[in-house]
Amino acid sequence: MINVSKIKKGIVIDHIEYGHGFQIFKQLKLDEIEDVVVILRNIPSKKMGKKDLIKIETDLDLNFDILGLMDPNATVNIVENGEIKSKIKLSLPKKVYGTLKCKNPRCITNCEEVPTIEFTLVDCKKKEYKCEYCDARTKL
Ligand code: CTP
Ligand code: ZN
């Protein structure tokens, strides 16, 4: 297999469902940062069969809410001084601020400028969230 070196400081997003790595790359806007980013796709994995993985050598923080929403089974490894300092097991966030867009065309949030919208998880299985303004259900 292709050998990718370990990182000194940053974030390794592991156990990404295969085929989702690029979507996560885009959603986290990793194309806009100046740091080194590596996406590995279709890596053989004992647990998952195949998986994607993203390594980011950076000082930046990431929005784990977005990650939890996109791939709740991924693992976030925080690396410092070349070693894994912590492993964060993601989950579906109970509240999401700003990432989602209300699907109701008549919702005020689609007609007027509103502050960051709060979406509340209402269905874990379907990953559906409720808009705070109109109660309509929305998913990513
Ligand atoms: N990693 C890295 N740089 C480091 C340390 C780790 O890029 N300085 C990467 C490893 O290459 C691996 C991931 O972080 O892809 C997770 O590392 P590790 O916890 O050592 O692997 P596993 O034990 O397989 O992880 P898990 O138990 O979560 O499956
Ligand atoms: Zn709405």
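Here the structure is a predicted model, which is why all the values come from computation and not from measurement. Remember, it's 1-based here, ligands and their atoms both numbered in the order they're listed.
- Within a 4.0 Å radius of atom 26 (P) of ligand 1, the protein contributes at least one heavy atom.
- Using a 4.0 Å cut-off between heavy atoms, Ile7 contacts ligand 1 through both its backbone and its side chain.
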Test side chain to side chain contact (heavy atoms under 4.5 Å, CB included) on Ile54 and Val38 and set out the steps.
CA-CA 6 Å; Ile54 300 176; Val38 181; over 6 Å; no
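- Proximity of Val4 to ligand 1, defined as any heavy-atom pair under 4.0 Å, is not found for any part of the residue.
- Checked against a 3.5 angstrom limit, the closest N/O atoms of Val12 and ligand 1 fall outside it.
- Evaluated by nearest non-hydrogen atom to atom 11 (O) of ligand 1, the leading choice among Glu57, Lys46, Lys55, Lys89 is Lys55.
- Taking all atoms of both residues into account, the shortest heavy-atom contact from Tyr133 to Cys107 is CB-SG, 4.1 Å.
- Contact annotation: for Lys47 versus ligand 1, heavy atoms closer than 4.0 Å belong to the side chain alone.
- Distance remark: protein heavy atom present below 4.0 angstrom from atom 2 (C) of ligand 1.
- Asp135 places no side-chain N or O within 3.5 Å of a backbone atom of Lys130 that could act as its donor or acceptor partner.
- The nearest protein heavy atom to atom 23 (O) of ligand 1 is not closer than 4.0 Å.
- Looking only at distances, a side-chain donor or acceptor of Asn104 sits under 3.5 Å from a matching main-chain atom of Arg106.
- By the 6.0 Å contact criterion, CG on Asp31 is enclosed, its count of non-hydrogen atoms from other residues, nucleotides or ligands being greater than 12.
- Using a 4.0 Å cut-off between charged side-chain N and carboxylate O, Glu80 and Lys85 make a salt bridge.
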